[in-house]
Engineer: 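Quick one: the structure is below, and I'll ask about it shortly.
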Protein chains: 2
Amino acid sequence: MRDREETRGKILEAVGKILAEDGFQGIGINNVSRKAGVDKVLIYRYFGDLPGLLREFASNGDYWPSMKTLIEDAENAEKAPFPLEASDLAIALLKGYIRELGSSNSAQELLLGELISRNELSAVSAERRERQGADLIEALVRTAPEAGKIDAAAMAALLSAGLTYLMLRARTSDAYLGIDIASEGGWIRIEKAMEDLVRGVFRASEMDDEQSQDRRPQ
Amino acid sequence: MRDREETRGKILEAVGKILAEDGFQGIGINNVSRKAGVDKVLIYRYFGDLPGLLREFASNGDYWPSMKTLIEDAENAEKAPFPLEASDLAIALLKGYIRELGSSNSAQELLLGELISRNELSAVSAERRERQGADLIEALVRTAPEAGKIDAAAMAALLSAGLTYLMLRARTSDAYLGIDIASEGGWIRIEKAMEDLVRGVFRASEMDDEQSQDRRPQ
DNA sequence: ACCTCCTGTCACCGGTTGGTGACATTTTAA
DNA sequence: TTAAAATGTCACCAACCGGTGACAGGAGGT
């Protein structure tokens, strides 16, 4: 009742809870204070204003699933019987991304919020994820150098963007372009399509190598 | 001043204007009435309530760029010197989609609105576009039957979803996964990546054909 | 001329938003 | 013990939201 840090904690906790339950748009001074069981004037005292609260939440909260485990999982899988091809690694990363994103409502809300408006929370979270994404690409090219021949970043961007959109879309629609994105079966089709696209582009790049230059590296 | 139809027209027109200028979230009774120069009570009289207004607007307005011209353009291009491959047609369609979507702020707002919430407007527009999308896939498979061997719908869904997300994302962010989606150069990379992915998967599907069965159709 | 219906105008409702000033209580330091 | 500073409480603000009731004026039909 008289502990500043505890009160601050309850407020930040409430922000996280609202983000996960009510969604990004539910985050407001009145709603947060109500959910935290705290007078809203304390929010102003401790965080300045709403943007300040969001800024604080963005830099402290662990609202985004760790991409580190995603990379580690994929790199561990690389130590499988025979070395994975770049395509396998890329596919593993993208499938991991689907899994992580699909299981975190907060992450989905955050991504949605980033689309809707620029604000303190979305700016910080976007910037943080941007860094993680760069790490991901870097990890891909590092462990599978042949991925460097193609514009892996642009393809990863396009495919992960597609997966992201379909994930967000499934929240309000059942179908997209005839695909039943609300069902398990629809997502199996999407994963398969993603897999075929990735494999196809790597195989095509190999073919081009054989045609254009006779000696192949390694 | 005493013409019901004219007033109705001004109201619907204002909805379209708000959609294009202020965005989806700006559509509200008070805002519409202000923009239309009409007392808001008339909106209630002529359209019932806000959902009713949106329903009316959704079924009358031409807020979505015509996909028909998109298909026709692609099919006319098919009458080029030598018949286009399925991959060329698919790429042409997707590039057309980028062009159409990129030039229509209303369309972008509508897509954003569909992500945010289910309401009368987003429901109708989503359903209408769903039909157009099915036409698109149908046109693709019709003019290029070899596309039927792969899950063209799932791939089209994934790729167009990716393009859509990046387009919406560019409204609030400058970069995505290191790609500068706010610049022309970034979009050239994205288009190129999309092209490589599509070509790759078609070529891979041809290779599989040659391996699995010796006689190829046509 | 009368009455009715339709169009348009205006003031108002309860509820929400982000934000502030004044004050009581508690904790801490001198 | 006393004074200052931090913490918590409450009432209030203007601006907005979607929605409604009452009323004025004009048009058409009888």
Side-chain angles (χ1 to χ4, degrees), chain A residues 1-19 21-58 60 109 112-113 116-124, chain B residues 1-19 21-58 60 109 112-113 116-124:
Chain A
M1 284 294 187
R2 62 235 178 269
D3 189 338
R4 175 183 181 126
E5 284 312 310
E6 187 185 322
T7 302
R8 277 178 56 98
K10 281 199 289 186
I11 293 170
L12 290 173
E13 196 180 332
V15 173
K17 207 178 294 180
I18 291 171
L19 184 64
E21 293 172 7
D22 303 353
F24 184 87
Q25 311 227 65
I27 300 182
I29 290 287
N30 299 290
N31 200 5
V32 169
S33 72
R34 205 178 304 125
K35 210 89 158 191
V38 154
D39 196 291
K40 67 176 174 178
V41 81
L42 298 181
I43 298 179
Y44 289 102
R45 278 228 264 270
Y46 296 152
F47 302 98
D49 51 3
L50 188 57
L53 172 61
L54 295 183
R55 206 178 308 124
E56 190 86 8
F57 175 79
N60 283 16
E109 286 294 341
L112 201 50
I116 296 172
S117 65
R118 302 182 198 257
N119 60 44
E120 308 296 329
L121 177 52
S122 66
V124 174
Chain B
M1 285 295 186
R2 62 241 177 266
D3 190 338
R4 174 183 181 127
E5 283 312 310
E6 187 186 322
T7 303
R8 279 178 53 99
K10 282 199 287 186
I11 294 170
L12 290 173
E13 196 179 331
V15 173
K17 206 177 296 179
I18 292 171
L19 184 64
E21 293 171 9
D22 303 352
F24 184 86
Q25 310 225 66
I27 300 182
I29 290 288
N30 298 291
N31 201 6
V32 170
S33 71
R34 206 178 303 126
K35 209 89 160 191
V38 155
D39 196 290
K40 66 176 175 178
V41 81
L42 298 180
I43 298 179
Y44 289 102
R45 280 228 261 270
Y46 296 153
F47 301 98
D49 51 4
L50 187 57
L53 172 61
L54 295 182
R55 207 177 307 124
E56 190 86 8
F57 175 78
N60 284 17
E109 286 293 341
L112 201 48
I116 296 172
S117 65
R118 303 181 197 258
N119 60 43
E120 308 296 329
L121 177 51
S122 65
V124 174

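Quantities reported herein were computed from a predicted structural model and do not represent experimental measurements. To find a chain, count down the sequence lines: A is the first, B the second, and so on, and within it residues start at 1.
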Engineer: Between P on D:dA27 and CZ on B:Arg4, what's the gap in Å once rounded to a whole number?
Structural biologist: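 Rounded to the whole Å, the gap is 18 Å.
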Engineer: Is B:Asn30 near enough to D:dC17 that one of its side-chain N or O atoms lies under 4.0 angstrom from OP1 or OP2?
Structural biologist: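 Answer yes for this pair, as a side-chain N or O of B:Asn30 is under 4.0 Å from OP1 or OP2.
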Engineer: Starting at atom CD1 of B:Ile27, determine the distance to atom P of D:dC17, rounded to an integer number of angstrom.
Structural biologist: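 Whole-Å distance recorded here is 13 Å.
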Engineer: Under the side chain to side chain contact (heavy atoms under 4.5 Å, CB included) rule, collect the residues that match up with A:Ala58, sequence neighbours excluded.
Structural biologist: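 Applying side chain to side chain contact (heavy atoms under 4.5 Å, CB included) to A:Ala58 gives A:Tyr63, A:Leu121, A:Val124.
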Engineer: Quick one: are B:Val15 and B:Phe57 in side-chain contact, heavy atoms under 4.5 Å?
Structural biologist: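 Yes, side chains in contact.
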Engineer: What is the distance from CZ of A:Arg8 to P of D:dG8, rounded to the nearest Å?
Structural biologist: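 Atom CZ in A:Arg8 sits about 12 Å away from atom P in D:dG8.
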Engineer: How far does CG of B:Asn31 sit from CD of B:Gln25, to the nearest 0.5 angstrom?
Structural biologist: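 CD of B:Gln25 is found 12.0 Å from CG of B:Asn31.
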Engineer: For the pair made of CD in B:Gln25 and P in C:dT17, what is the distance, rounded to whole Å?
Structural biologist: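 Checked: the CD to P distance equals 15 Å.
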Engineer: Rounding to an integer number of Å, can you tell me how far A:Asn31 CG sits from C:dT17 P?
Structural biologist: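 From A:Asn31 CG to C:dT17 P: 7 Å.
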Engineer: Could you give the CD-to-P distance, from A:Glu5 to D:dG8, as a whole number of Å?
Structural biologist: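 One finds 11 Å between P of D:dG8 and CD of A:Glu5, rounded.
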Engineer: When you measure from the side-chain N and O atoms of A:Thr7 to the phosphate of D:dT7, is any distance below 4.0 Å, counting only OP1 and OP2?
Structural biologist: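 It does not, given that no N or O in the side chain of A:Thr7 lies less than 4.0 Å from OP1 or OP2 of D:dT7.
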Engineer: Any donor and acceptor pair, going by atom type alone, linking the side chain of A:Ser33 with main-chain N or O of A:Ile43 inside 3.5 Å?
Structural biologist: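 Such a contact is absent between A:Ser33 side chain and A:Ile43 backbone.
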Engineer: Answer whether the closest heavy-atom distance between the side chains of B:Lys40 and B:Asn30 falls below 4.5 Å.
Structural biologist: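 With C-beta onward as the side chain, the pair touches.
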Engineer: Where do A:Ile11 and A:Thr7 land on the side chain to side chain contact (heavy atoms under 4.5 Å, CB included) test, with the steps shown first?
Structural biologist: CA-CA 6 Å; A:Ile11 293 170; A:Thr7 302; 4.1 Å; yes
Engineer: Does anything in residues 33-54 of chain A reach DNA chain D, meaning a heavy atom under 4.0 Å, and if so which residues?
Structural biologist: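 Heavy-atom cutoff 4.0 Å gives A:Asp39, A:Val41, A:Leu42, A:Arg45, A:Tyr46.
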Engineer: D:dA27 P sits how many Å from B:Asp3 CG, rounded?
Structural biologist: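 Going from B:Asp3 (CG) to D:dA27 (P), I get 13 Å.
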